[in-house]
Amino acid sequence: MEIFSPIQQVYFLSDFSFWVKRDDLIDPYISGNKWRKLKYILKDAMSKGKTHLVTFGGAYSNHLVATAAAAARAGLKSTAFVRGEEVSNEMLVICKLFGMNIIFSDRTQYRNKQMLYQLNFGEDNTTYFVDEGGASEEAVKGCADIISELSTHYDHIFCAAGTGTTAAGLLRGINQHKLRTQLHVIPVLKGGAFLASEIRRYENNTSNLKLHTDYHFGGYAKTTSELLNFIKTFTSSTGILIDPVYTAKMFYAIYDLANKNYFKSDEKVLAIHTGGLLGILGMKEKFI
Ligand SMILES: *Cc1c(COP(=O)(O)O)cnc(C)c1O
């Protein structure tokens, strides 16, 4: 499949510009890095003759929407175990429209995903286990492809991180192409220093990795008025929509570091827009 992920120059501060790789434009539902992650997962599932993807996520998970849409387009069935008590929201409605079967499971059960899978689908050899967020070796490989698509050199590449799988893939791409690029990773959760070892599980050479652990704004899916104001200003002045859970924290980090003259004037900075815009729906009341 031909993909559409152009690189666009953004002028945000008066004397600073940077580039954005618009992975958010790849697809509205199989969004950004979730498309990258699912690409080789789907290939692997189909090559093994599997017809049913089984996965896991929270009630506002971009990964669930992406898996539901990708499965529907590939003619596969999909099931998701959703963490917590039964709820309904816009994202789960979209999942259901794509034909996803949703099973709510309490937080204790949810913790052991392999067991949930074995209990419900252990006997069913048409099913294929897809970990939460798509975390896998296939996902890392898919995210490394982002680097192969670049035709010019960037001194700094930024991405937001939840599990760190996307970051691991970018780092692998940087290492494979022997680039001098620094990879800047913005954990969106509190205490994100643990991501260094998560990333190392996939990519051992972390010499080009820099974690910025102070841009979590209170933790996962937490926000502040400063971040909300940043989203409004950034989106209205660039025309690029960003989401409060992931990409806003990364773009804020770039903005903040640029303000502190972190980058040399001749250095090129690239942000990976990993998509996830439906995440805005999870916080819509903050923008009314
Ligand atoms: C899921 C997601 C991430 C986090 O990706 P990881 O590989 O889990 O670190 C980043 N940005 C967006 C928009 C996402 O939906």
Side-chain angles (χ1 to χ4, degrees), residues 5 20-41 55-70 80 83 91 94-95 130-147 157-173 183-189 191-203 209 211-213 215-217 219-221 223 231 235 240-254 271-283:
S5 173
V20 180
K21 183 148 173 66
R22 300 291 308 273
D23 267 15
D24 58 312
L25 298 179
I26 293 177
D27 190 277
Y29 308 106
I30 316 174
S31 182
N33 65 339
K34 302 305 185 284
W35 186 90
R36 301 281 180 184
K37 290 174 169 195
L38 284 166
K39 183 169 66 160
Y40 293 112
I41 289 175
T55 195
F56 308 84
Y60 276 99
S61 160
N62 294 321
H63 165 70
L64 294 190
V65 176
T67 304
R83 184 180 58 235
M91 288 172 85
I94 293 171
C95 289
V130 180
D131 210 343
E132 185 170 29
S136 60
E137 177 56 33
E138 285 77 19
V140 172
K141 190 172 162 223
C143 292
D145 286 350
I146 296 171
I147 302 296
I157 294 181
F158 280 76
C159 75
T163 64
T165 316
T166 304
L170 292 168
L171 190 64
R172 178 172 299 173
L183 178 68
H184 299 268
V185 176
I186 315 300
V188 300
L189 24 78
F194 78 94
L195 282 174
S197 56
E198 289 298 306
I199 293 169
R200 222 171 279 120
R201 281 171 46 190
Y202 294 109
E203 193 58 26
L209 173 70
L211 278 180
H212 299 267
T213 54
Y215 294 108
H216 55 74
F217 291 86
Y220 183 76
T223 185
I231 292 172
T235 297
I240 299 175
L241 209 50
I242 59 181
D243 82 290
V245 180
Y246 292 104
T247 49
K249 294 180 182 181
M250 171 196 66
F251 282 111
Y252 185 96
I254 295 173
I272 310 297
H273 193 318
T274 41
L277 296 172
L278 292 177
I280 295 170
L281 298 175
M283 288 197 205

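Start at 1 and go down the list; that is how both ligands and their atoms are numbered.
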What is the nearest protein non-hydrogen atom to [atom], stated with its residue, atom name and distance?
| atom | answer |
| --- | --- |
| atom 1 (C) of ligand 1 | Lys34 NZ, 1.6 Å |
| atom 3 (C) of ligand 1 | Asn33 ND2, 3.2 Å |
| atom 8 (O) of ligand 1 | Thr163 OG1, 2.6 Å |
| atom 13 (C) of ligand 1 | Gly275 O, 3.1 Å |
| atom 11 (N) of ligand 1 | Thr274 OG1, 2.7 Å |

Quiz item: Applying a strict 4.0 Å limit to heavy atoms, is Ala167 in contact with ligand 1?
Solution: no
Practice problem: Report yes or no: does Met250 have a heavy atom closer than 4.0 Å to ligand 1? | Solution: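 Contact absent.
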Min N/O separation [X] to ligand 1 under 3.5 Å:
| X | answer |
| --- | --- |
| Ala160 | no |
| Asp243 | no |
| Thr247 | no |
| Tyr246 | no |
| Gly164 | yes |

[X] heavy atoms, cut-off 4.0 Å: which ligand 1 atoms fall inside?
| X | result |
| --- | --- |
| Lys37 | 5 (O), 6 (P), 7 (O), 8 (O) |
| Gly276 | 13 (C) |
| Asn62 | 14 (C), 15 (O) |
| Thr166 | 5 (O), 6 (P), 7 (O) |

Exercise. Check the angle between the aromatic planes of Phe158 and His212 and answer parallel, tilted or perpendicular using the 30° and 60° thresholds.
Key: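 If you compare the ring of Phe158 with that of His212, the planes turn out parallel.
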Self-check item: Aromatic Tyr215 / basic Lys249 pairing, under 6.0 angstrom, 45° off normal
Solution: no
Quiz item: Under a 4.5 Å cut-off applied to non-hydrogen side-chain atoms, are His63 and Val130 in contact?
Solution: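 Side-chain contact under 4.5 Å: yes.
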Exercise. Please determine if Lys39 and Glu138 form a salt bridge, counting it only when a charged side-chain N lies under 4.0 Å from a carboxylate O.
Key: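 Salt bridge absent between Lys39 and Glu138.
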Quiz item: Would a distance-only check, ignoring hydrogens and angles, find a side-chain to backbone donor-acceptor pair under 3.5 Å from Lys37 to Gly133?
Solution: yes
Measuring from atom [atom1] of [X] to atom [atom2] of [Y], what distance do you get when rounded to the nearest 0.5 angstrom?
| X | Y | atom1 | atom2 | value |
| --- | --- | --- | --- | --- |
| Glu203 | Thr165 | CD | OG1 | 13.0 Å |
| Ile231 | Leu241 | CD1 | CG | 9.0 Å |
| Tyr29 | Cys95 | OH | SG | 12.0 Å |

Quiz item: When you measure from atom 9 (O) of ligand 1 to each heavy atom in Ser31, Gly134, Gly162, Ala66, which option holds the nearest one?
Solution: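 It is Gly162 that holds the nearest heavy atom.
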Quiz item: If you measure only the distance, is there a donor-acceptor pair under 3.5 Å linking the side chains of Thr166 and Asn33?
Solution: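 Distance-only check passes for Thr166 and Asn33.
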Quiz item: Quick one: do the Asn62 and Ser31 side chains pair a donor with an acceptor below 3.5 Å?
Solution: no
Quiz prompt | side chain to side chain contact (heavy atoms under 4.5 Å, CB included) between Leu277 and His273, intermediate numbers included | solution = CA-CA 10 Å; Leu277 296 172; His273 193 318; 4.0 Å; yes
